[in-house]
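Throughout, residue positions are numbered sequentially from 1 according to the sequence presented.
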Amino acid sequence: MDYRRAGVLLGSRPYAVCGRASLPHGSDNLLRRAACQEAQAFGNQLIPATVPLKKATVFLNPAACKGKAGNLFEKNAAPILHLSGLDVTVVKTDYEGQAKKLLELMENTDLIIIAGGDGTVQEVITGLLRRADEAAFSKIPIGFIPLGKTCTLSHTLYPESTNQVQHITNATLAILKGETVPLDVLQIKGEKEQPVFAVSGLRWGSYRDAGVKVSKYWYLGPLKTKAAHFFSTFKEWPQKHQAALMYLGPTERPPEEPDEKPSRPPLYVRLYRRLRSYWSSPKEFPQEVAPEDWEELKLSTIELSIATRNRQLDLTRTEDFMDICIEAESISKGEFVHRGSQKMRDPHMCPDGSQCIQASRCILQLPEGAEGSFGIDNEEYEAMPVEVKLLPRKLRFFCDPRTREQMLQAAVQ
């Protein structure tokens, strides 16, 4: 049988990433060279001449990281992908919302790779799950190359790294190594809007509102976060967000479906089984479906958050649920400023004294004329009544094998 090599030899060029320190150029180049050599090993693997190369479609947001993402991708990730032997197609987005539209038109691919930040991830998965054939397309594994200002999924999928180049190359190599983890998704739907999908969660409240204004105080340097939260306390105090919440409790996790379906038995076997089951089993009357047990409460809070469990991923848990955190409205201005800094690092933290609810589905009803905005995976949306539904283990993302092993060890302990 004829064989061929999958890889194509490309030269690597120098690099840098958003919000992370970088080693001197020489050290960065050594990291890139080592990553390219590792990728070349995948590209050198022999494959039968009749087997097509795997197709990878990359959705790159060049505007991420203040316009640096395109350069970061070309220097740190592109050489690795090409050396690996993948048939790579790079789709660059030109404006906000374009990725959603492109996903609706995308043809078959073996891998989807998201190169950007939280906003790019949210756009791609929303476009993917809005497709009419989403049941099939949602089984395509997804890679994430963190290039944006905020990359929440990085903490779940990859080891922590203080070096920009190493973080990007590790994430790209993780795609080639093939280890995946299932992530939950939130489906968020307004009364008239198409659904939006999120892998982190939804926030509504004063901390979110103050957080989006931090960049306005750039001239204060390290004090800009405290300044944004301090000045936001000049509004009416305490700041209350009132709503009605209905929710359903956790659901039992079904067994995971096997990746490969067993081969279909011959026709005569299927006919025999069908006739046997028809004549031997008594006919059952359909059982009545039990009514859903909705809980309802009125809330008044400084901030409400609805988050997936993707941050504390537990591959062995037996129930599926999302975390609803209703924070106490009675808080001093000093506490608000201090906690605001903490929430910039961990937006979905649920402080002591908050009401915590585990739910599989909820309906948030806002009073008429309610103002403000939601933060959905760090993207801003107009606040409105919404239904939030958990889609457990809906998408599979590539992760570093070391991270997956740590998850499994933590579950055993």
Checklist entry - Where do Gln242 and Trp204 come nearest, in terms of heavy atoms and distance? => result O-CH2, 3.6 Å
Checklist entry - Looking at Asp323, Asp314, Asp184, which one forms a side chain to side chain donor-acceptor pair (under 3.5 Å) with Arg309? => result Asp323
Next on the checklist: On a heavy-atom basis, which atom in Ala35 and which in Ile80 lie closest, and how many Å separate them?
Outcome noted: CB-CD1, 3.7 Å
Next on the checklist: Regarding Glu107 and Lys55, does a basic nitrogen lie under 4.0 Å from an acidic carboxylate oxygen?
Outcome noted: no
Next on the checklist: Please report whether the SG atoms of Cys325 and Cys350 are separated by less than 2.5 angstrom.
Outcome noted: yes
Checklist entry - Can you check whether Pro62 reaches Phe73 side chain to side chain, under 4.5 Å on heavy atoms? => result no
Checklist entry - Does Leu103 offer a backbone N or O that forms a donor-acceptor pair with the side chain of Arg131 under 3.5 Å? => result yes
Checklist outcome for this item: Heavy atoms of Leu186 and Thr308 approach each other most closely as CG-CG2, 3.5 Å
Item to check | Main-chain N/O of Glu123 paired with Thr126 side-chain donor or acceptor, under 3.5 Å | outcome: no
Item to check | N/O donor-acceptor pair under 3.5 Å between Gln342 side chain and Met349 backbone | outcome: no
Checklist entry - Considering only heavy atoms from C-beta outward, does the side chain of His155 approach that of Arg311 to under 4.5 Å? => result no
Next on the checklist: Ignoring hydrogens, what is the shortest heavy-atom contact between Met344 and Gly211? Give both atom names and the distance.
Outcome noted: SD-CA, 3.8 Å
Item to check | Donor-acceptor contact present, side-chain Asp118 to main-chain Thr152, <3.5 Å | outcome: yes
Checklist entry - Which pair of non-hydrogen atoms, one from His348 and one from Ser305, has the smallest distance, and what is that distance? => result ND1-CB, 3.8 Å
Next on the checklist: Please check this pair: side chain of Thr109 against backbone of Ile112, looking for a donor-acceptor N/O pair closer than 3.5 Å.
Outcome noted: no
Item to check | Side chain Ser360, main chain Gly249, donor-acceptor under 3.5 Å | outcome: yes
Checklist entry - How long is the gap from CD on Gln166 to CG on Asp28, to the nearest 0.5 Å? => result 10.0 Å
Checklist entry - Between Phe336 and Tyr207, does the ring centroid distance fall short of 6.0 Å? => result yes
Checklist entry - With no hydrogens and no angle check, is any side-chain donor or acceptor of Thr156 less than 3.5 Å from a backbone partner on Asn310? => result yes
Checklist entry - Hey, does the side chain of Thr89 reach the backbone of Thr57 with a donor-acceptor pair shorter than 3.5 angstrom? => result no
Item to check | side chain to side chain donor-acceptor pair (under 3.5 Å), paired with Glu387, selected from Gln365, Lys189, Arg361 | outcome: Arg361
Next on the checklist: Please check this pair: side chain of Glu335 against backbone of Ile331, looking for a donor-acceptor N/O pair closer than 3.5 Å.
Outcome noted: no
Checklist entry - Between Phe137 and Met106, which heavy-atom pair has the shortest distance, and what is it? => result CE2-CE, 3.4 Å
Next on the checklist: Under a 3.5 Å threshold, yes or no: a donor from one side chain and an acceptor from the other, between Glu303 and His241?
Outcome noted: no
Checklist entry - Backbone N or O of Ala198 within a donor-acceptor pair of the Asp377 side chain at under 3.5 Å? => result no
